[in-house]
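Below is one structure, written out as structure tokens, with a few remarks after it.
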Protein chains: 2
Amino acid sequence: MKRDQSTEEKIKAAAKKVFMTKGFDGCSVRDIAKEVGSNVALLNYYFRSKEKLFELIFEGAMSDFLQSMIAVFSSELSLKEKVSQLIDKEFDFFMEHPELPMFILQSLHQNKTDAPMPSHFLEPIANTGIFEQFEQAKARGEIRDVSIRNVTMLLMSNVHYPFMSKKLTKQFHGISTEEFDEDLKKHKEIVKELITNYLFISNPKA
Amino acid sequence: MKRDQSTEEKIKAAAKKVFMTKGFDGCSVRDIAKEVGSNVALLNYYFRSKEKLFELIFEGAMSDFLQSMIAVFSSELSLKEKVSQLIDKEFDFFMEHPELPMFILQSLHQNKTDAPMPSHFLEPIANTGIFEQFEQAKARGEIRDVSIRNVTMLLMSNVHYPFMSKKLTKQFHGISTEEFDEDLKKHKEIVKELITNYLFISNPKA
DNA sequence: CCAAAATTTAAACAATTGTTTAATTTTTTC
DNA sequence: GAAAAAATTAAACAATTGTTTAAATTTTGG
């Protein structure tokens, strides 16, 4: 029956590469086939349509996107250490996959459907108990009286945006990729200090 | 010679609307023509090609994008007040044009050319003297020893990203547009406090 | 080794793409 | 008001789009 598992995987890898860099609208199925080194018909043989193939790639990307978050939240650390580690791990992760934030946000942005995020993405995060840990820390007066939604916005802004704005930032300051990467590293440290300083009250209950 | 200035403007307005929401690759010239309520050929009569029309729209968007920044920097305020006002004004501006950050970053991201930003965009900013004001404040010990590039990254991240991530954030938290807008307002205040607290040393020279 | 199944290919499909041509309508100019 | 210029249209163009068909090739199972 099955002859070569690797063909299906090769197509997925090529599709991921092409979709990530050019976006759904910015590429043709022939672009992907060329990347695979095969015929266009093969793509539809395995994945029915361009749209179906894209949905598969997007789901995988979204899963990766949320994975590093879950790993940190599942640990047995204090909230302060979790926040610090989250910033660290997410930065390291996006250093390896710098195109991911843009791909996710752009795909959602141009997605016609307002379909809600499937629960299999969100439940694992809720199941880490991070929300309860946050509310308890707030109740104990260890952190500021700020909503977790606002903390999330703060974290995502500072972790995702720099990777999305590489071209704008490089052109804006007229700097090289090396200089930009230096700025990225420094930014990570600034954000860690900034957010932990803001969020955590130095003398709890005092 | 000229009959109706408004036709050219109507096409530009339609192109702006369509390009902004769907992106260059996500729309056809016929989409724009339909938005205008006229023929496709009219677009090329006025603007030669889809690409030329897009470049025009993009340049205008980039100009708007940087304009609110220049207005604040040109004022006679202290650095601290400028930073605070910048966040305020940029937020208000993007409330009116929420699709602008995504359009700019996405267009740059998929732009094949690595052409540098034209100087007519950057010079007005440099001419405000903001860079000198920043370095002087640093020399006086009023602000932290952090590069202006890192401050820029901090500001842009927190000001642009929330408008780009609306769909992700709404789906992530399962909230309505009204709730999201409330979060946005709160985010603005948090960012103002966060960045000014971080950047400005409370007791200079001490 | 041979038939059946699975895989891969080339070719064609109708629809859509950006652009151009040429004709028509509207406006301007004198 | 008639000739000239400008604006607008319909139609066609070649190329590209996603998808399908049918034939060819390769692999599998007995």
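All values below come from the heavy atoms of this structure, side chains included, with hydrogens, waters and symmetry mates left out. All chains are named by letter (A, B, ...) in the order of the sequence lines, taking the proteins before the strands, and each is independently numbered beginning at 1.
You'll find that the side chain of B:Asn44 is closest to C:dT19, out of C:dT19, D:dG18, C:dT7. Nearest to the side-chain atoms of A:Tyr45 among the listed nucleotides D:dT19, D:dT8, C:dT7 stands C:dT7. Residue A:Tyr46 places its side chain closer to C:dT8 than to any other of D:dT19, C:dG18, C:dT8.
A straight line from CZ of A:Phe24 to P of D:dT17 spans 13 Å, rounded to a whole angstrom. In this structure, the CD1 atom of B:Ile11 is 10 Å from the C1' atom of D:dA7, given to the nearest Å. The CG-P distance, from B:Leu53 to C:dT17, rounds to 16 Å in whole Å. As a whole-Å value, the separation of A:Phe54 CZ from D:dT17 P is 17 Å. Computed from coordinates, the A:Arg30 CZ to C:dA12 P distance equals 13 Å when rounded to whole Å. A straight line from CG of A:Asp25 to P of C:dT17 spans 11 Å, rounded to a whole angstrom. Between the P atom of D:dT27 and the CD atom of A:Glu8 lies a distance of 17 Å, rounded to the nearest Å. The distance from atom NZ of B:Lys50 to atom C1' of C:dT17 is 8 Å, rounded to the nearest whole Å.
The side-chain hydrogen bond (donor to acceptor under 3.5 Å, both in side chains) search around A:Gln133 returns A:Lys82, not counting sequence neighbours. Remark: A:Lys17 engages A:Glu35 in a salt bridge (charged side-chain N to carboxylate O under 4.0 Å, His left out) (not counting sequence neighbours). Scored by the salt bridge (charged side-chain N to carboxylate O under 4.0 Å, His left out) test, A:Glu81 finds no partners at all (sequence neighbours excluded). Partners of B:Glu182 according to the salt bridge (charged side-chain N to carboxylate O under 4.0 Å, His left out) rule, which considers only residues two or more places apart in sequence or in another chain, are B:Lys185.
Only A:Ser38, A:Asn39, A:Ala41, A:Leu42, listed by number, bring a heavy atom of residues 32-43 of chain A to less than 4.0 angstrom from any atom of DNA chain C.
Between D:dT8 and B:Thr7, a contact under 4.0 Å exists linking OP1 or OP2 to a side-chain N or O. In this structure, A:Ser28 does not reach the D:dT16 phosphate: none of its side-chain N or O atoms is under 4.0 Å from OP1 or OP2.
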Let me check something: any side-chain donor-acceptor pairs from residues 193-200 of chain B under 3.5 Å, sequence neighbours excluded? List them with distances.
unit_1   : atom_1 : unit_2   : atom_2 : d
B:Glu193 : OE2    : A:Arg144 : NH1    : 2.9
B:Glu193 : OE2    : A:Arg144 : NH2    : 3.1
B:Thr196 : OG1    : B:Lys192 : O      : 2.6
B:Thr196 : OG1    : B:Glu193 : O      : 3.3

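In this structure, B:Asp31 contributes its side chain and B:Val18 its backbone to no donor-acceptor pair below 3.5 Å.
Classification of the B:Phe94-B:Phe163 ring pair by plane angle, with boundaries at 30° and 60°, yields tilted.
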